[in-house]
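Just follow the structure's listing: the first ligand is 1, and inside any ligand the first atom is 1.
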Amino acid sequence: MDSQPRSLAAGLVSVVIPCFDEEEVLPLLFARLERAAESWGAPYEIILVDDGSRDSTWARIEARNSTDPRWKGVRLARNFGHQIALWTGLQHARGQVIAVLDADLQDPPEVLPRYFAKWAEGYDVVYAVRRKRKEGPLKKAAYYLYYRTLAFLSEIDIPLDSGDFCVMDRRVLDAVLLTREQVPFIRGLRAWAGFRQVALEYEREARAAGQVKYTLRKLIQLGMNGIISFSTRPLRLATYFGFAVSATAFAGVLFTLIQRIFRTQFARYGMDLPPGLATTVTAVLFLGGVQLVCLGILGEYVGRVYENVKGRPLTIISERAGVEKPTPPG
Ligand code: UDP
Ligand code: MG
């Protein structure tokens, strides 16, 4: 571990929280997080990113900032999605230690001291692993399968069942912010950065108020992004598919030939199959399906190349409350 002991009180703690239409939960969040933060015995800043909310979320953030300047806000010009909102918040964080939370109190701020303690021991990323999920069995099964598929496919070790909730050291954040990807998958980039990482379990609570903001579509998108950003194995899968299908087809041709030549012998064993339409149709459909799947996989990657080549800014900020424009790391 580090030769110099780390002390929370010596630096600044930044907490980054993306918020999308969270007016119902914000008063609860403000109260609980403030109580928790006062117990840390360290200077802190809370950066709330309004991801294009349509309700009073921004007004509440601004009001909070005017009464306590340690609570800061960044407002995105529209809904850019959770990962980009989080990214923007991270860009504005000034702390020596950075914590990432959800607005809905599913990641209870009261558990953070355990995470800070690990950081003080010398770990650079203390990521949270959910002990129990408070979601339905279908969603749970989907998450379970997804994280295992991602781990199998990805070329770096992305921890299982770990979301964005974490505490990280400044140097990890700086490394993450150096990456220039149009579609950041932050929990993956955090693992990619390296340094000393450790998992710490916690009990994920139920959403404190309001509705879930991650629609199924957004969730599937996030899942796809994770795989595409961290693996090219699906492309190779397409190649394997191709080989497998070609080999089957070749075997089929061989079988037909042999069957034609030794027709009488085959007939004796009841294997004189008449050349059927069904076989042809199945083969054509199967091949067509495989080709489309492979094209689709290819398309996902080409699309990602296109996104990155366009090089648009990740996000547009419409307002700031109490934060400086960030300087790019490097
Ligand atoms: N969120 C966001 N932009 C979005 C969707 C969600 O900033 O487009 C935020 C939301 O306000 C919350 C966090 O992302 O703080 C997690 O969303 P939610 O709790 O709805 O989803 P869960 O992860 O619990 O399924
Ligand atoms: Mg939630």
Side-chain angles (χ1 to χ4, degrees), residues 14-33 46-61 64 71-93 98-109 111-112 127-147 150 161-166 183-188 190 202-226 314-319:
S14 298
V15 183
V16 179
I17 310 174
C19 314
F20 176 51
D21 285 351
E22 298 288 12
E23 64 179 5
E24 279 158 276
V25 86
L26 282 187
L28 294 167
L29 173 75
F30 292 169
R32 260 177 71 182
L33 184 54
I46 316 276
I47 298 177
L48 301 150
V49 184
D50 175 11
D51 186 15
S53 299
R54 298 151 297 184
D55 62 5
S56 66
T57 295
W58 180 250
R60 281 170 199 264
I61 293 173
R64 192 81 189 91
W71 292 69
K72 304 168 183 182
V74 183
R75 186 183 198 182
L76 306 189
R78 64 171 170 84
N79 179 241
F80 279 89
H82 169 255
Q83 291 291 296
I84 291 181
L86 175 56
W87 183 272
T88 312
L90 291 172
Q91 277 183 318
H92 286 81
I98 298 94
V100 173
L101 297 183
D102 273 359
D104 59 3
L105 292 164
Q106 278 197 285
D107 316 324
V111 306
L112 280 175
Y127 59 87
V129 175
R130 296 132 190 167
R131 197 175 297 144
K132 253 201 322 233
R133 280 188 174 276
K134 298 250 159 64
E135 275 119 2
L138 212 69
K139 211 170 171 184
K140 251 193 252 183
Y143 274 116
Y144 184 88
L145 268 178
Y146 173 71
Y147 276 111
L150 179 64
D161 304 312
S162 135
D164 289 319
F165 179 28
C166 73
V183 192
F185 185 64
I186 293 164
R187 63 198 71 168
R190 188 185 71 203
Y202 80 112
E203 203 84 39
R204 188 157 165 90
E205 291 183 8
R207 179 175 255 280
Q211 296 295 313
V212 179
K213 303 300 167 339
Y214 246 105
T215 55
L216 188 64
R217 211 180 108 227
K218 280 182 182 170
L219 208 59
I220 292 175
Q221 237 169 32
L222 177 72
M224 292 276 284
N225 289 342
L314 219 54
T315 186
I316 300 297
I317 293 168
S318 63
E319 278 173 81

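Only one option out of V49, L33, V100 pairs with I17 in a side-chain contact (heavy atoms from CB on, under 4.5 Å); it is L33.
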Enumerate the pairs of nitrogen or oxygen atoms, one from ligand 1 and one from the protein, separated by less than 3.5 angstrom; state names and distance to 0.1 Å.
unit_1: ligand 1; atom_1: 3 (N); unit_2: D51; atom_2: OD2; d: 2.6
unit_1: ligand 1; atom_1: 3 (N); unit_2: H82; atom_2: N; d: 3.4
unit_1: ligand 1; atom_1: 8 (O); unit_2: D51; atom_2: OD2; d: 3.4
unit_1: ligand 1; atom_1: 8 (O); unit_2: N79; atom_2: ND2; d: 3.1
unit_1: ligand 1; atom_1: 8 (O); unit_2: K218; atom_2: NZ; d: 2.7
unit_1: ligand 1; atom_1: 11 (O); unit_2: F20; atom_2: N; d: 2.9
unit_1: ligand 1; atom_1: 11 (O); unit_2: E22; atom_2: OE2; d: 2.5
unit_1: ligand 1; atom_1: 15 (O); unit_2: P18; atom_2: O; d: 2.8
unit_1: ligand 1; atom_1: 15 (O); unit_2: A103; atom_2: N; d: 2.9
unit_1: ligand 1; atom_1: 19 (O); unit_2: D104; atom_2: OD2; d: 2.5
unit_1: ligand 1; atom_1: 19 (O); unit_2: R207; atom_2: NH2; d: 2.9
unit_1: ligand 1; atom_1: 20 (O); unit_2: R207; atom_2: NH2; d: 3.0
unit_1: ligand 1; atom_1: 20 (O); unit_2: K213; atom_2: N; d: 2.4
unit_1: ligand 1; atom_1: 20 (O); unit_2: Y214; atom_2: N; d: 3.2
unit_1: ligand 1; atom_1: 24 (O); unit_2: Q106; atom_2: OE1; d: 2.5

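By the 4.5 Å heavy-atom criterion applied to side chains, K218 and Q83 are not counted as neighbours. You'll find the side chain of N79 stays beyond 4.5 Å of the side chain of D21, heavy atoms only.
Excluding water, every protein N/O/S atom under 2.8 Å from the Mg ion (ligand 2) is given here by residue and atom: D104 OD2, Q106 OE1.
Aromatic rings from W71 and F30 are positioned such that their centres are separated by under 6.0 Å.
With hydrogens and angles disregarded, a donor-acceptor distance shorter than 3.5 Å links the side chain of D107 to the backbone of D102. A side-chain donor-acceptor contact under 3.5 Å links K213 to the backbone of Q211. Side chain of Q106 to main chain of E205: a donor-acceptor pair is present (N/O by atom type, distance under 3.5 Å, no hydrogens or angles).
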Notebook entry, point to check: Should E22 and R207 be marked as a salt bridge (Lys or Arg N to Asp or Glu O under 4.0 Å) after you check the CA-CA gap, both sets of side-chain angles, and the distance that decides it?
Noted result: CA-CA 11 Å; E22 298 288 12; R207 179 175 255 280; 3.1 Å; yes
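Distance check, rounded to the nearest 0.5 Å: NZ of K72 to CD1 of I47 gives 6.0 Å.
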